[in-house]
Amino acid sequence: MDFRGYEPVIGLEIHAQLKTQSKMFCSDSTKFDALDNENTSPVSVGMPGALPVINKKAVEMSIQAGLALGCQIRHKSVFARKNYFYPDLPKGYQISQYDQPLCEHGKIQFVLDNEVKTISITRAHMEEDAGQSQHIGEYTLINYNRSGVPLLEIVSGPDLRTAKEAAEYARTVRQILRYLDVCDGNLEEGSLRCDCNVSVRKIGAPEFGTKVEIKNINSFRFIEKAIEFEIDRQIDMVEQGQKISQETRLFDPDKNQTISMRSKENAQEYRYFPDPDLLPVIVTDEEIQRLKSLLPELPVQRAQRFIKEFQLPEYDALILTAEKELADYFEKTALQSKNAKAASNWIMTELLRELKQTEKHISQSPVSEATLSELIGMIDQNIISGKMAKSVFSECWKTGKSPAQIVKEHNWVQITDTNAIEKVIEDILAQNPSQVADFRGGRTKVFGFFVGLAMKATKGQASPDLVNQILTIKLSGQ
Ligand code: ADP
Ligand code: MG
């Protein structure tokens, strides 16, 4: 990737709305389609004296998400007040976590452009959401339904280097959260929100450049577009000798550009301090173990198991476990066909290609696990060759028929009768004496020419293994 001699540095802050029934610090509902200000109470509109109570379910979901993101869970984490004024924040501060977040030091992996990427997760902390302002002419209306809704903020290390990588990272995080059923991952409805931090530096420079934060981007495509634009803008500025100012920008999808919103506050300006209304969150090892045992097998664990149990390369294992349904499909086929390597090869090549071309999800595949297993079995039993199997697969895909039926209809059965193949090869050798002489004189390349003729003479049905064996014997003059 060419960035005019610069290296982009990107880190993402993902705010995931936890799927609890009630808010982070009170019993108000979190229902999305409620009437304006229906989901409110003294706590969520910040009445003086109203006291917060921690939502246990939100803590449990956050721990599970943290574990799935490879994080260490702190035995003691602390809620802190992040002070700023905005009308949709009625208390004048947001309850968040600061220097003692619940989850830290994690990492996730995904595959992009044939490479395994490992991205660190600096921290994942709990906080409450703010309300929503609606500007109508000269009025601003505020809806506090979202005020106090539990969020998990997942902060990546500054490890991402391209816009595409950042979008794929965000997709992976979303997939993990959905897998655990702790967040519905809906970017449009705002249940997953992504802030992208972007800076650039000259390749080889020891320090990072000044970062700019792009807020509230509501689709993966826009994450990519916004970052691409921002990288170009920053390189242009640096090239012109201008300084990048630390600021928050917004992405305008219509104009496909980012625009300045405000200069960014730093941590001191927020005057973080431990919230005196809340006790620290104490989590014991037993509790972490209990929550861990309730987790479904995570994509990364499943990938590790596939590597061990089925001897898959890491790359294949990551691709096959990127989606639960695909992993299920592979595992079933591997077990049924008793040939995991073949199952993985067929899925990684033919099946994924057909799915992509026809824009189908694995759950809509016309070739079932049973069908693919049957096909693999037919190759393993030498009923058809690997080459024929590709045609059979493609017919299975088109017609939904079973491999046996297709093989029968097209008479694609492999010829494994040694005598019949010998006869064909003897004829070919007799008809091509000069090539035979060439071969015996050392031009071994003509071997392929004979194989071609033999396959042609048998309409591709001769077993390639047998053709090779018999040709070798006959050409050596035995
Ligand atoms: P802040 O205190 O400004 O929010 P953080 O240190 O919490 O900054 O980092 C916020 C996000 O920005 C993280 O995802 C981090 O990886 C990323 N980040 C930090 N420094 C840079 C940088 N120079 N360029 C790009 N991203 C950065
Ligand atoms: Mg931050």
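Read the numbers this way: they start at 1 and go in the same order the structure lists the ligands and their atoms.
At a heavy-atom distance under 4.0 Å, only backbone atoms of Leu12 (N, CA, C or O) approach ligand 1.
Checked for salt-bridge contact, Glu115 and Lys117 meet the test: a charged N lies under 4.0 Å from a carboxylate O.
The atoms of ligand 1 that sit less than 4.0 Å from any heavy atom of Gly157 are 16 (O). Close contacts between ligand 1 and Phe208 involve ligand atoms 23 (N) [criterion: under 4.0 Å to a heavy atom]. Close approach of ligand 1 to Gly209 (heavy-atom distance below 4.0 Å) involves ligand atoms 23 (N). Close approach of ligand 1 to Gly11 is summarised as follows: ligand atoms under 4.0 Å from at least one heavy atom of the residue are 14 (O), 16 (O), 17 (C), 26 (N). Atom numbering of ligand 1 starts at 1 in the shown order; those under 4.0 Å from a heavy atom of Val155 are 13 (C), 14 (O). Atoms of ligand 1 lying under 4.0 Å from at least one heavy atom of Val9, given by number and element, are 24 (N), 25 (C). Of all the atoms in ligand 1, the ones that sit under 4.0 Å from a non-hydrogen atom of Ser156 are 13 (C), 14 (O), 15 (C), 16 (O).
Under the salt bridge (charged side-chain N to carboxylate O under 4.0 Å, His left out) criterion, Arg81 pairs with Asp275, Asp277, sequence neighbours left out. Considering only residues two or more places apart in sequence or on other chains, Lys387 meets the salt bridge (charged side-chain N to carboxylate O under 4.0 Å, His left out) condition with none of them.
Here the shortest heavy-atom distance to atom 1 (P) of ligand 1, taken over Glu213, Glu13, Lys211, belongs to Lys211.
Using cut-offs of 30° and 60° for the angle between ring planes, the Tyr98 and Tyr272 rings count as parallel.
Checked by atom type, the side-chain pair Glu127/Ser96 shows a donor-acceptor distance below 3.5 Å.
To the nearest 0.5 Å, atom OG1 of residue Thr122 and atom CG of residue Asp159 are 7.0 Å apart.
Ligand 1 has a nitrogen or oxygen under 3.5 angstrom from a nitrogen or oxygen of Asn197.
Crowding of Glu207 atom CD: a count of heavy atoms from other residues, nucleotides or ligands under 6.0 Å not exceeding 12.
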